[in-house]
Structure formats: structure tokens, C-alpha cells
J.: 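Please find one structure pasted underneath; my questions will follow.
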Amino acid sequence: MVKVLIVIAILALIAFVAFGQYVGVRNTLVTKNEAVKASWSQVDIVLQRRADLIPNLVATVKGIAQQEQTVFGDIAKARSALLSAGTPSDKIAANRQLDGALGRLLAIVENYPQLKSNENFLRLQDELAGTENRIAVERKRYNDTLQDYNTYIQKFPNNIFDGWAGFKPNEAYFAASEGSRQVPTVNFAPPAATPQSTSPQATPQPAPAH
């Protein structure tokens, strides 16, 4: 009988320790998961801010570059996909498409010198650049928080308890291509002066419209 009681006591102690560890892991997972959600909400806010700026930016460009219908259509579709996306993964994918479409829009500015002197366009471009910087900051913060969560959940013995607690790794990383990260930067500085002919016929010509 004494041996039986000892075995029961040992098993009870093991169960108590395991339960205590389970509770600790679960509480930590809850905290880290909520941090991921909070960090994503900040990303979502700045993505929405950029989406709100785009229609006015497109309208301004369209007033001068009406023939760029393909670019305008791509932006409209990408923006619609971003606004209708329901999960972080879907929004990240839609945002990647929007990055590319927006980059093509800003690239055509070089073909329309009128836009570089358009006060409304310059104001919107400045607001967009500020939003892009904020997106970069919040995106990194979100990725760091998500990585911390995923690292914790995959460590032993946490990976034993995570399923019991209803948690699993989250792979919704905000990863954009290098090209799309560089897209929003547009240089509006005047080109460096180049040697000009002293001939009176050397008159600068406006950039052709495409």
C-alpha cells in the first residue's frame, strides 16, 4: 500500500509540474499572440492610409496622363484586393501587387514634366512618401514580433503544449521584394546641368508623352 501511495504521489507531482508548465506556456503564448495582433493592427492602419491617398494621386496623374489606362486599372484592382482582403496573409499579398502597380504609376511621372510642378501632386507625393516610411517601420516591427512568437512556439517543450493550448505557428510574414520596397522613392530634383551648345538653336525640348 505504501508503495502504491508513493507511486500515486510521484505521478501527482509530475502531473502538477506538467500542468504548471502548460499554464505558463499558454499564458506566454496568449501574450505573444496578442502582441502580434496589436503590431499587425498598426500595419493595417498605415496600409489603409496609403490606400486612402491613392485615389487622389491617381486622379491628379490621370488629369495629365490620360493614356496610361493600363497602370490606372492595375492600381484600381490592387487597391480593391487590399481593401477586401480579410486576413493578414491576403493583405500582404494584395499589398505586394499594389507596390508594383504604384511603382509603375510613379515611374511614368518622368515622362510628364507638368506633374513635377503640380502642387497637388507634389503634396500627395510627399504624403505618400511619409506613409511609405511609416509602413516600413511598422512592417519591421510586426515581422520582429511575429518572429518572436514563432520562435517561442517551436522551442521545446513549448511545442508540446502549443497544440493543447490551441496555438500554432503563424507564417504571415510581411515580406516584399527589394524592388517594391524601393518603388515609392521618386527624385523630383532637377537634373544636373550638362554642357550646352552656345548655338541659339540648342533649345530644350519637352519630354515626349507616352
J.: Would you indicate whether Q69, at its atom CD, is surrounded by more than 12 heavy atoms from other residues, nucleotides or ligands within a distance under 6.0 Å?
T.: yes
J.: Is a side-chain N or O of D74 found less than 3.5 angstrom from the main chain of A101, in a donor-acceptor match?
T.: no
J.: Would you check, one step at a time, whether the test salt bridge (Lys or Arg N to Asp or Glu O under 4.0 Å) holds for E119 with R123?
T.: CA-CA 6 Å; E119 292 184 4; R123 177 181 59 80; over 6 Å; no
J.: Taking side chain to side chain contact (heavy atoms under 4.5 Å, CB included) as the criterion, tell me which of D126, N120, L122 meets it with L124.
T.: N120
J.: Are any of the side-chain heavy atoms of Q114 and F121 separated by less than 4.5 Å?
T.: no
J.: Linking I/L/V/M/F/W/Y whenever any side-chain heavy atoms sit under 4.5 Å apart, do I135 and I45 land together?
T.: no
J.: For salt bridge (Lys or Arg N to Asp or Glu O under 4.0 Å), just list the numbers for D44 and K37, CA-CA rounded to whole Å, side-chain angles, deciding distance to a tenth of an Å, and then say yes or no.
T.: CA-CA 10 Å; D44 205 18; K37 291 179 181 178; over 6 Å; no
J.: Please output the side-chain donor-acceptor pairs of residues 77-88 that fall under 3.5 Å, not counting sequence neighbours, one pair per line with the distance.
T.:
{"residue": "R79", "atom": "NE", "partner": "A51", "partner atom": "O", "Å": "2.6"}
{"residue": "R79", "atom": "NH2", "partner": "A51", "partner atom": "O", "Å": "3.2"}
{"residue": "S84", "atom": "OG", "partner": "S80", "partner atom": "O", "Å": "2.9"}
{"residue": "S84", "atom": "OG", "partner": "A81", "partner atom": "O", "Å": "3.3"}
{"residue": "T87", "atom": "OG1", "partner": "D90", "partner atom": "N", "Å": "3.2"}
{"residue": "T87", "atom": "OG1", "partner": "D90", "partner atom": "OD2", "Å": "3.2"}

J.: Hey, are the side chains of P157 and I160 touching, using non-hydrogen atoms and a 4.5 Å cut-off?
T.: yes
J.: Would you mind reporting whether L98 and I54 have side-chain heavy atoms less than 4.5 Å apart?
T.: yes
J.: Is there a side-chain contact between R141 and D144 (heavy atoms, below 4.5 Å)?
T.: no
J.: Considering only heavy atoms from C-beta outward, does the side chain of V61 approach that of I108 to under 4.5 Å?
T.: yes
J.: Find out whether R26 and V30 are in side-chain contact, i.e. whether some heavy atom of one side chain is under 4.5 Å from a heavy atom of the other.
T.: yes
J.: Below 4.5 Å, heavy atoms only, C-beta onward: do K91 and W40 meet side chain to side chain?
T.: yes
J.: Considering non-hydrogen atoms only, spot the tightest contact between E127 and L53 and give its length.
T.: OE1-CD2, 3.2 Å
J.: With side chains defined as the heavy atoms from C-beta onward, is the minimum distance between L102 and L128 less than 4.5 Å?
T.: yes
J.: Report yes or no: does S39 contribute a side-chain atom to a donor-acceptor pair with the main-chain N or O of V36 at less than 3.5 Å?
T.: no
J.: Under 3.5 Å, side chain of N158 to main-chain N/O of Y152, donor-acceptor pair present?
T.: yes
J.: Applying salt bridge (charged side-chain N to carboxylate O under 4.0 Å, His left out) as the test, list every pair that has at least one member in residues 56-67; sequence neighbours left out.
T.: none
J.: Please check if the side chain of T60 supplies one atom and the backbone of N56 the other of a donor-acceptor pair under 3.5 Å.
T.: yes
J.: Under 3.5 Å, side chain of Q154 to main-chain N/O of N150, donor-acceptor pair present?
T.: yes
J.: So, for E138 and V43, which heavy atoms are closest and what is the spacing to 0.1 Å?
T.: O-CG2, 3.4 Å
J.: For the residue pair K32 and Y149, would you count it as a cation-pi contact if the rule is NZ or CZ under 6.0 angstrom from the ring centre and within 45 degrees of the ring axis?
T.: no
